[in-house]
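Worksheet for the structure shown next.
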Amino acid sequence: MNKHEGKILLSHGNGGRMMHDLIENLFLKHFENTIINEQYDSAILPAHADEIAFTTDSFVIDPLFFPGGNIGKLAVCGTVNDLAVSGAVPQYISVSFILEEGFSMLELEEIVKSMAKEARYAQVAVVTGDTKVVNKGKCDKLFINTSGIGRVGKKDQLVGKAQKINPGDVIIINGTIGDHGMAVMSARESFNFKTQVVSDCASLNHLIRNILDQSPGVKFMRDPTRGGVATVLNELSVKINRGIEISEQELPVSKGVRAMCEILGFEPLHIANEGKALVVSTVDESESILRIMKDHPLGRNSAIIGTVVNDHPGKVVLKTVTGGRRIIDSLTGDPLPRIC
Amino acid sequence: MQYIDEYRNKKLVLAVAGEIRKVSTKEITLMEVCGGHTMAIHRFGLQAVLPPNIHLLSGPGCPVCVSSQHFIDTAIAYCDIPDAIITTYGDLIRVPGSISSLEKEKAGGHDIRIVYSVLEAVEIAKNHPTKPVFFLGIGFETTAPATAAAIVQAKKERIGNFFVLSAHKVMPPALMALIEDGVGIDGFIAPGHVSAITGSAIYDDVVTSGRLGVVISGFEPVDILQSVLMLVNQYEYGNPKVEIQYRRIVHPQGNKIAQDLLSQVFELKDDRWRGLGVIPDSGLKIRKDFCEFDAENRFPVSVPEQADPAGCICGSILRGLKTPNDCGLFGTTCTPSDPVGACMVSAEGTCATFYKYRS
């Protein structure tokens, strides 16, 4: 076997025969649906009367494969979740690849397969895409951009907008925090200890649809990705000019994430999630929403973690396990491990 | 989580705090020497459970904070050595030197890598035999034995491209310097991990010449409060002594193997501490026997001493004379995302801790 067989070459991106074969034998094979199969320059989508949510995100993660997922799964989940927390029903996504010359064809296929699998689970269609190949060293193996479109029903149009939030409203999350960031870190860094932390990377649209269809109490949703829960809550408290109080006791944190954070001196509230939604709801509906969330496989560990308060507007305060209180800021820079 | 949850138990925290209230009758100022203690005090909001007559001051025990600007400038100078790989513990990379930081040098294309252990730096040297690999050795008796072990290993394996720039320091001379300067302190909460290595006798001088109590403390809320209680008892009864609160880790004799490694590889030198100036016999220099691993010996660079940045009062903060709120730069010009002084850079620095946990 030729040692270059199974590698991405510049010719795979030059518009010629090899690129055509790559599209035909890899992308169309896995993403197959009536719209992408047409191979027009644009996907032609049916119109409807609702409002449309439109989002885009680029994925440049290192390493490409990590416990609980890979860059492909992440690229689908990330865009699906951005649509879902805006109250939209995700429908169509585009996928753009920037590939480094020499990248493994086998790894690319594995990534594409998991994208197709995740798209099927989320019930979104990959309807258009693009491939570019750059010279060796001009990008880090593989970058993916996904954009997505979803329909927003009338009753859900305020979900992403943080309006009408009042003191007393509660904050709910659908499970443990910090799993994605710590899983990626443990895959990336050469720790001399093993961890069993797995990324929470998941498409949340079905869980979120259950909540929105069964309860009128949701006032706001956001997925706490980079910067973690702390950053989302800080942005929210500034936007609504209210305080937010969260309880350390109630925060779901897995044993593995907690241990890693203790060792490295990190704050779980600052660590990235890829399968979590923060939900702000009326206090009256909170128990019902919690039940709906816990009934879904992606919400088993859901918990009410805090409330919106009149005090300290624009600030997030944590009630500590020992009975103290402290301000939780947004993340500044990358979290750095402490020396000792 | 074992050894953590029981020491964060709210009932126990409140019970110890109640005991402190009962015993304590006088105003008392205690210095927590270590940045790890400062972190924990703020992270768990411990000041709020203590009575108002107990004042806690942050001391010079954050290794990142006390590393001099000159040290950072020297590390940056090494970036210009052809093919150099600089390895460092994470929080050092944002520390500002006189004109740049390692983070900015990294963005400029230099090969600067964060490691979690000095042994990783040795591995990097093994994997890149043609490139000089520098390890920036910072920390007290806590991290210095690991650096010593790495140097011994490098010698054994004849790794010719591994070099250590040592800013390692020892704790007791800094405490004595503070006492001699007449800072108003009534006792020290001393770092438990330092004494896990050194044992407890290193503080005997503090008690005999300084007439101040020292309690060697663990890092969880109950540990710290119990240490405060022990110091309050000593103070109330006029009986300063060295006591070990962190008995589950610290043995009075310390860790003999680590001590032997330290004295095998390092010798004492006069060293510069940011904010405290030069303190005699307070730094660790690599001995002649291992000089082939001493970056300063192998790659002498001439880096001028620079004055500390204007307006920055890190020095007074490290001495426990001022708090971040006294600083005109704090929270305005100097923030965690754009630090001026080193106390803002490290997560354990007094200013960073104040900024993060201000309430």
Item to check | Residue pair A:Ile327, B:His42: steps toward the side chain to side chain contact (heavy atoms under 4.5 Å, CB included) verdict | outcome: CA-CA 10 Å; A:Ile327 289 179; B:His42 288 268; over 6 Å; no
Checklist entry - Would you say B:Arg248 has more than 12 foreign heavy atoms packed within less than 6.0 Å of its CZ? => result yes
Item to check | Under 4.5 Å from any heavy atom of chain A - which part of B:Pro221 | outcome: side chain
Item to check | Those residues that, when tested against B:Phe134, pass ring-ring contact (aromatic ring centres under 6.0 Å, His included) (two or more places apart) | outcome: B:Tyr78, B:Phe163, B:Phe299
Checklist entry - salt bridge (charged side-chain N to carboxylate O under 4.0 Å, His left out) between A:Glu262 and B:Arg8: does it pass, once the steps are laid out? => result CA-CA 13 Å; A:Glu262 287 293 337; B:Arg8 293 181 189 175; 2.9 Å; yes
Item to check | Within 6.0 angstrom of B:Gln153 CD, more than 12 heavy atoms from elsewhere | outcome: yes
Item to check | Closest heavy-atom pair and its distance - A:Thr320, B:Phe44 | outcome: OG1-O, 3.5 Å
Checklist entry - With no hydrogens and no angle check, is any side-chain donor or acceptor of A:Arg326 less than 3.5 Å from a backbone partner on B:Gly45? => result no
Item to check | Portion of B:Leu12 that has a non-hydrogen atom of chain A nearer than 4.5 angstrom | outcome: neither
Checklist entry - Hey, are the side chains of A:Thr322 and B:Glu220 touching, using non-hydrogen atoms and a 4.5 Å cut-off? => result no
Next on the checklist: Restricting to ring-ring contact (aromatic ring centres under 6.0 Å, His included), what partner residues turn up for B:His37, sequence neighbours left out?
Outcome noted: B:Phe219
